[in-house]
Engineer: 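Take a look at this one; I'll ask things after.
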Amino acid sequence: LVCVGPALSLGAILRPLQAHRGMAAAALSGNQALANQRAVAEKEITAAFAQARTIIPVSAAPVVKLLDEAEADWASLAKSLKDPAFPMEENYNRHTRLVGTTLKALETCIDHYGLSLDPEGSSYFLIIAAFNDLPKLTESIGRLRATGTAILGIKPATTEERVSIASLLERTRDETERSRGVIQKAIAAQGLKRDKLETASLAAVDATKNNYSNDAGSNSQLFFNISSRQIRHLHLYLSLYIDEWKMSRLTDPDKHNFT
């Protein structure tokens, strides 16, 4: 468990860094509201790097080396963004390289502490999902958001740019399914929190799809799970999932209550 603190501290860098990429693109296109938010995110990222320094021990040399590289790149990028004429494409590319270095540091962290070699199936798959697949999924969403923000901030999208967004969207769908698949493997490995994992996984997948799909909508959902071992040598498990449920439709004969 000694790895959890260092891994979480790297994750705390990733989240605001990915959001900052899109905010910076908007600020460079003249959006003052997001320019103010970008300044706040910049301070949060700098503080996250400082916090990671206090948590990751110097004995984790491979992780510290990548942290040094990422922090130096961040300081350089933050300085460059003070120029309002900083190229939009350069902003995207440097942010993306920086996120890549941080993701590599996270992967190196779980390797260094041996978490990626966990012999227990249920915990192994959860570790891979939490510290490998899901961070990559958030990066796919972040790239999609930043690309869209940059395009909409300056002009209507060209055909080439639309193709690029479609490619990023497909990658995000693939990452979503891959992450869901790894969590399903953890559930199949008979983890102790099977029912909670299933519920959380379904909710997370739906929230992710709402982020990148106009067709998904903002769903109201119900999850109901029963797990019983009352009969010796027999485990009964039932999961009920209701999508698009709404109280106001229950008394309306012209509307479907469940879809």
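This one's a predicted model, so the numbers in the text were calculated from it and none came from an experiment.
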Engineer: Between CG of Asn36 and CD of Gln32, what distance do you get to the nearest 0.5 Å?
Structural biologist: 5.0 Å
Engineer: Give me each pair satisfying salt bridge (charged side-chain N to carboxylate O under 4.0 Å, His left out) with a member in residues 26-55, each pair once, sequence neighbours excluded.
Structural biologist: Arg15-Glu44, Arg38-Glu42, Arg53-Asp68, Arg53-Glu71
Engineer: Might you point out which heavy atoms bring Ala24 and Asn91 nearest each other, and give the distance in Å?
Structural biologist: CB-OD1, 3.3 Å
Engineer: Shortest non-hydrogen contact from Asn132 to Pro135?
Structural biologist: O-CD, 3.4 Å
Engineer: So does Pro16 get a backbone contact from the side chain of His20, meaning a donor-acceptor N/O pair under 3.5 Å?
Structural biologist: no
Engineer: Can you measure from CG (Leu34) to CE (Met23) and round to the nearest 0.5 angstrom?
Structural biologist: 7.0 Å
Engineer: Show the nearest heavy-atom pair for residues Val63 and Cys109, with the distance to one decimal.
Structural biologist: CG2-CA, 3.6 Å
Engineer: Taking side chain as C-beta onward, heavy atoms only, is Leu67 less than 4.5 Å from Leu10?
Structural biologist: yes
Engineer: Does any part of the side chain of Leu103, heavy atoms only, come nearer than 4.5 Å to the side chain of Glu107, both counted from C-beta?
Structural biologist: no
Engineer: Can you tell me if Ser76 uses its side chain to pair, donor with acceptor, with the backbone of Asp73 under 3.5 Å?
Structural biologist: no
Engineer: Return the NZ to CG distance between Lys82 and Leu77, rounded to the nearest 0.5 Å.
Structural biologist: 11.0 Å
Engineer: Nearest 0.5 Å, please: how far is CD in Glu90 from NE2 in His95?
Structural biologist: 11.5 Å
Engineer: Does a side-chain heavy-atom distance below 4.5 Å link Thr102 with Leu66?
Structural biologist: no
Engineer: Please report the shortest heavy-atom distance between Thr108 and Pro62, naming the atom on each side.
Structural biologist: CG2-CB, 3.7 Å
Engineer: Which distance, rounded to the nearest 0.5 Å, do you find between the CD1 of Ile13 and the CG of Leu98?
Structural biologist: 9.0 Å
Engineer: Could you check whether Glu139 pairs with Arg21 (Lys NZ or Arg NE/NH1/NH2 to Asp/Glu carboxylate O, under 4.0 Å)?
Structural biologist: yes
Engineer: Using a 4.5 Å cut-off on heavy atoms from C-beta on, say whether the side chain of Pro84 contacts that of Leu28.
Structural biologist: no
Engineer: Please report the closest heavy-atom contact between Ala12 and Ala48, naming both atoms and the distance.
Structural biologist: O-CB, 3.8 Å
Engineer: Mind listing the closest non-hydrogen atom pair of Phe86 and Ser80 along with its distance?
Structural biologist: CE1-CB, 3.6 Å
Engineer: Hey, could you give me the NZ/CG distance between Lys136 and Leu106, rounded to the nearest 0.5 Å?
Structural biologist: 10.0 Å
Engineer: Should Trp74 and Leu17 count as side-chain neighbours, where that means a heavy-atom distance under 4.5 Å?
Structural biologist: yes
